[in-house]
Amino acid sequence: RAPAMNHEAKPIPQPRPPRVVIIGAGMSGMVMGIKLLAAGNRNFCIYEKAERVGGTWRENTYPNVACDVPAQSYAYSFDPNPDWNFRFGRGEEIQRYFERCERKYGLTPFIRFNTPIASARWENGQWQIRTASGEEDQADVLVSATGALHEPRYPQISGADSFAGAAFHTARWDHTVDIRNKRVGIIGTGSTAAQIVPGIVDKAGEVKLLQRTAQWVLSVPDKKFSRRHKDRHRRLVWLAKFKHWFGLHLFHALFGSATRGNPLTLRLLNHFVKANLQTLRDPQLRRKMTPDYPPACKRLIISEDFYPAIQKDNVEVITDAIECIVPEGIKLASGRVVELDVLVYSTGFIPYYNPVAITGENGLTLAERMQGSPISYRTIGVPGFPNYFSLFGPYSPIGNNSIIENSEIQADYVMQCLQMIASGKVKSLNPKLDVALKLKDEMRKGMQGTVWTSGCQSWYLDANGDPIVYPFGIAHFSREMRTPRLEEFELG
């Protein structure tokens, strides 16, 4: 008689999923974590320097902060948000959305809050991680999700420390400072200042807007959504997803194509921004606010209330050069002293700044590789840095595409790389330098005819004056990122 079968056979051990360390719990770091969990990989950690998720929307809390992309398109494609209150989402409700996603997708146990990473070094086929407090970790794959714009840029103006009043950057807004009836000076007239001025003009006593470069402004009505509208989108998920999709494709068809030099959409864009400029009644103010470069060469300001705000009696736009900062305020090159109680730096960010000291093969640092004219592979990898992926690396389509859609496309690409590593097909993926340089040359050629090469200065350009944004459309980007091309890597 045959012996009885043992039905309690030992389970076949499954291969360990690759260990992934993610730097940053902003929008990009979160979508990477969500996709890892969806794939069944719980062997990851998101290191976050602050006490909450949110990134940009956690740190930027200045008055009237909002997104300049329509809210129904500013959400993950797999989780449309029916609760937007306005066409352009306010900072606090965007922050609430990401905090809700953190809870909904179970990310919290995988996030180390208040734990900035100090360094990461590729050694013996792994990333050796050290936190600012000295803790150590190891990772098979390192994903940087620190964002393209997060490190405040301060202007080099002599005497800055001498100012007697309160002074801070817009990304470090000091809410303990009461601006009511105060004389507030704002250095810079980019998108942030265009939101702040309408937000404080009726509270501050005086607003002095110090402008170095005029900006083009496109007026788009900011509709408030009704409760019925929100209930309908909550009930009809397909409708919310359709509007998310439609909004993105409308953005690509209009603004994205204009930046790439499409004659029709560029002509339309020119018409609308120049018509908006004519709403400035004072000819002298209109001259001050007229840029000397084509629309969208710098980041376009989307605002319906900026021009009305700067025409109020308590606002002055100053275009004289700044000589220095004095205890009383700002001294201009003309000799005039603009007296202030509060000084706000609306001077932008250091693009693609990475606070982590990352070292790849043969002691090469990421800072060295990115110095001057950055070298990046398909917006996401860096030659000499195996198993390193950067969501929103240089040349990402940040100037003509949705930042969230871009992040999802890149995260899906990383997931495919992780699947190959998990299967044992490869141990490491290191982009070839000659391939990266060839792709960089192709993008440089692709820039010809776009608005970014029309003569203005902006953070879209590298130290050599070459654009570091993606020159092609979203369909082209999606095709390039659809599948990793192993022949373009040195495989470990």
Query raised in the report: Between Thr56 and Met27, does a side chain to side chain contact (heavy atoms under 4.5 Å, CB included) hold up when you go through it step by step?
Result: CA-CA 8 Å; Thr56 291; Met27 178 273 296; over 6 Å; no

Query raised in the report: Thr347 side chain to Arg153 main-chain N or O, any donor-acceptor pair under 3.5 Å?
Result: yes

Query raised in the report: Minimum heavy-atom separation for Thr213 to Thr189, with atom names?
Result: O-OG1, 3.2 Å

Report task. Please answer whether the main-chain N or O of Tyr307 pairs with a side-chain N or O of Gln311 as donor and acceptor at a distance below 3.5 Å. Result -> yes

Report task. In sequence, state the C-alpha distance, the side-chain angles, and the governing distance for Tyr62 and Val344, and then conclude on side chain to side chain contact (heavy atoms under 4.5 Å, CB included). Result -> CA-CA 10 Å; Tyr62 55 80; Val344 178; over 6 Å; no

Query - Any Lys35 side-chain heavy atom under 4.5 Å of Asp412 side chain - result: yes

**Report entry** Point-to-point distance, once rounded to the nearest 0.5 Å, from CG of Leu107 to SG of Cys101
**Finding:** 8.5 Å

Query raised in the report: Does the side chain of Met32 come within less than 4.5 Å of Val20's, by heavy atoms?
Result: no

Query raised in the report: Which pairs, with at least one residue in residues 70-85 and sequence neighbours excluded, count as a salt bridge (Lys or Arg N to Asp or Glu O under 4.0 Å)?
Result: Asp79-Arg100, Asp79-Lys104, Asp83-Arg234

Scan the side chains in residues 271-279 for donor-acceptor partners under 3.5 Å anywhere in the protein, sequence neighbours excluded, and list what turns up.
unit_1: Asn276; atom_1: ND2; unit_2: Val217; atom_2: O; d: 3.0
unit_1: Thr279; atom_1: OG1; unit_2: Asn276; atom_2: O; d: 2.5

Requested in this report: Could you tell me whether the side chain of His169 and the main chain of Gly348 form a donor-acceptor pair under 3.5 Å?
Outcome: yes

**Report entry** Closest heavy-atom pair and its distance - Met481, Gln410
**Finding:** CE-CG, 4.3 Å

**Report entry** Minimum side-chain heavy-atom gap Asn406-Tyr470 below 4.5 Å
**Finding:** no

Report task. Over all heavy atoms of both residues, which pair between Pro80 and Ala75 is shortest? Give the atoms and the distance, please. Result -> CA-CB, 4.4 Å

Query raised in the report: Does any N or O in the side chain of Asn181 come within less than 3.5 Å of the main-chain N or O of Gly205, such that one atom is a donor and the other an acceptor?
Result: no

Query - Test item: Phe349 and Glu151 side chains (from C-beta on) under 4.5 Å apart, heavy atoms - result: no

Query raised in the report: Which atom names give the shortest non-hydrogen contact between Gly360 and Trp127, and what distance separates them?
Result: CA-CH2, 4.4 Å

**Report entry** Rounded distance [0.5 Å steps], CG in Leu142 versus OG in Ser390
**Finding:** 9.5 Å

Query raised in the report: Take atom CD in Glu316; do more than 12 heavy atoms of anything else shown fall under 6.0 Å from it?
Result: yes

Report summary line: In this structure, CG of Leu209 is separated from CD1 of Ile318 (nearest 0.5 Å) by 8.5 Å

Query - Note, Asn354 side chain near Met370 side chain (heavy atom, < 4.5 Å) - result: no

Query raised in the report: Distance from Cys45 atom SG to Ile117 atom CD1, nearest 0.5 Å?
Result: 7.5 Å

**Report entry** Heavy-atom pair of closest approach, residues Tyr74 and Cys67
**Finding:** CD1-SG, 3.5 Å

Requested in this report: Please check if the side chain of Arg87 supplies one atom and the backbone of Pro221 the other of a donor-acceptor pair under 3.5 Å.
Outcome: yes

Report task. Rounded to the nearest 0.5 Å, what's the gap from OH on Tyr388 to OG1 on Thr359? Could you check? Result -> 11.5 Å

Query - Contact summary for Cys324 and Ile157, nearest pair of heavy atoms - result: CA-CG2, 3.9 Å

Query raised in the report: Between Thr115 and Glu135, is a side-chain hydrogen bond (donor to acceptor under 3.5 Å, both in side chains) present by the stated rule, with each step listed?
Result: CA-CA 9 Å; Thr115 311; Glu135 298 178 75; 5.1 Å; no

Query - Residue pair Tyr395, Lys440: steps toward the side chain to side chain contact (heavy atoms under 4.5 Å, CB included) verdict - result: CA-CA 9 Å; Tyr395 310 102; Lys440 181 175 179 176; 3.0 Å; yes

Query raised in the report: Is the shortest heavy-atom distance from the side chain of Ile22 to the side chain of Leu36 under 4.5 Å?
Result: yes

Requested in this report: Check for a donor-acceptor pair, side chain of Arg369 on one end and backbone N or O of Val382 on the other, with a separation under 3.5 Å.
Outcome: no

Query raised in the report: Rounded to the nearest 0.5 Å, what separation is found between the CD1 atom of Ile322 and the OG atom of Ser158?
Result: 10.5 Å

Query - Exam field: side chain Glu93 to backbone Asn85, donor-acceptor pair closer than 3.5 Å - result: yes

Report task. Please check if the side chain of Glu408 supplies one atom and the backbone of Ser77 the other of a donor-acceptor pair under 3.5 Å. Result -> yes

**Report entry** Whether over 12 other heavy atoms sit under 6.0 Å from Arg286 CZ
**Finding:** yes

Query raised in the report: Got a donor-acceptor contact below 3.5 angstrom from the Asn64 side chain to the Gln195 backbone?
Result: yes

Report task. Look at the aromatic rings of Tyr413 and Phe389 and report parallel, tilted or perpendicular, splitting at 30° and 60°. Result -> perpendicular

Pairs of donor and acceptor atoms involving the side chains of residues 159-166, under 3.5 Å and at least two apart or interchain, shall be tabulated with distances.
unit_1: Ser162; atom_1: OG; unit_2: Gly159; atom_2: O; d: 2.6
unit_1: Ser162; atom_1: OG; unit_2: Ile325; atom_2: O; d: 3.2

Report summary line: Given the options Leu210, Thr192, Val207, Ile186 meets side chain to side chain contact (heavy atoms under 4.5 Å, CB included) only with Val207

Report task. Flag the pair Phe44 / Val143 as yes when at least one side-chain heavy-atom distance between them is below 4.5 Å, and no otherwise. Result -> no

Report task. Without swapping roles, check the side chain of Gln211 against the backbone of Lys288 for a donor-acceptor pair under 3.5 Å. Result -> yes

Query raised in the report: Hey, does Lys208 have a side-chain heavy atom less than 4.5 Å from the side chain of Arg183?
Result: no

Query raised in the report: Would Asp202 and Lys312 satisfy side chain to side chain contact (heavy atoms under 4.5 Å, CB included), going step by step from the backbone distance to the final call?
Result: CA-CA 9 Å; Asp202 294 327; Lys312 294 196 173 185; 2.9 Å; yes

Report summary line: The single option from Thr131, Asn114, Asp137 that satisfies side chain to side chain donor-acceptor pair (under 3.5 Å) with Tyr47 is Asp137

Query raised in the report: In terms of the angle between their ring planes, are Tyr76 and Tyr97 parallel, tilted or perpendicular, with boundaries placed at 30° and 60°?
Result: tilted

